[in-house]
Chemist: 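I am attaching a structure below and will ask some questions about it afterwards.
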Amino acid sequence: MPTRCEIFCEILIAVLLPPLGVCLRHGCCSVEFCICLLLTILGYIPGIIYALYAIVFVNRDEYFDEYRRPLYSSY
């Protein structure tokens with residue numbers, strides 16, 4: 001379970017560069033990252049909205065076990 005500080009930093013990064021925030025949460029080869037990258041290319045605001053949705057509402061523990069962690073892991 002990510003801490004509040006991790007979530008805040010991811011949200012801050014997602015507002016500045018949406019695909020990077022999603023990459024930190026879900027990994028760089030995930031469906032969420034590809035969707036966010038496409039939306040950011042098509043329009044910056046839709047990319048931010050989807051990045052915030054992917055960071056706050058999508059549960060990453062469903063998709064990653066201990067062998068497939070994103071860029072950082074919290075124990």
Side-chain angles (χ1 to χ4, degrees):
M1 187 77 172
T3 63
R4 290 182 183 185
C5 182
E6 291 173 348
I7 293 173
F8 176 75
C9 290
E10 288 172 350
I11 289 173
L12 186 63
I13 291 171
V15 169
L16 298 174
L17 191 60
L20 182 59
V22 175
C23 177
L24 291 174
R25 174 56 75 99
H26 296 285
C28 292
C29 294
S30 66
V31 174
E32 288 86 5
F33 175 76
C34 293
I35 291 171
C36 186
L37 184 64
L38 180 67
L39 287 173
T40 304
I41 290 171
L42 294 175
Y44 186 69
I45 301 299
I48 291 174
I49 293 170
Y50 182 76
L52 294 176
Y53 168 77
I55 289 171
V56 175
F57 294 112
V58 177
N59 187 5
R60 74 175 175 181
D61 294 332
E62 293 178 8
Y63 303 108
F64 292 104
D65 55 8
E66 64 183 46
Y67 300 109
R68 295 183 297 159
R69 291 280 177 200
L71 297 177
Y72 67 90
S73 63
S74 59
Y75 292 97

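Because the structure is a prediction, the values reported are computed rather than measured. Along the sequence shown, residues are numbered consecutively beginning with 1.
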Chemist: Can you find a heavy atom in the side chain of R25 that is under 4.5 Å from one in the side chain of I7?
Modeler: yes
Chemist: Quick one: list whatever passes side-chain contact (heavy atoms from CB on, under 4.5 Å) with C5, sequence neighbours left out.
Modeler: T3, C9
Chemist: As an exercise, state the distance from CD of E32 to CD1 of I55, rounded to the nearest 0.5 Å.
Modeler: 11.0 Å
Chemist: Table please: side-chain donor-acceptor pairs of residues 39-48 below 3.5 Å, with sequence neighbours left out.
Modeler:
residue : atom : partner : partner atom : Å
T40     : OG1  : C36     : O            : 2.7
Y44     : OH   : V15     : O            : 2.4
Y44     : OH   : L16     : O            : 2.8

Chemist: In this structure, would I35 and L37 fall into the same cluster of hydrophobic residues linked by side-chain contacts under 4.5 Å?
Modeler: no
Chemist: Test of understanding: clusters of I, L, V, M, F, W, Y form through side-chain heavy atoms closer than 4.5 Å, transitively. Do F33 and Y53 belong to the same one?
Modeler: no
Chemist: Search all heavy atoms of A54 against all heavy atoms of V22 and return the closest pair with its distance.
Modeler: CB-CG2, 4.3 Å
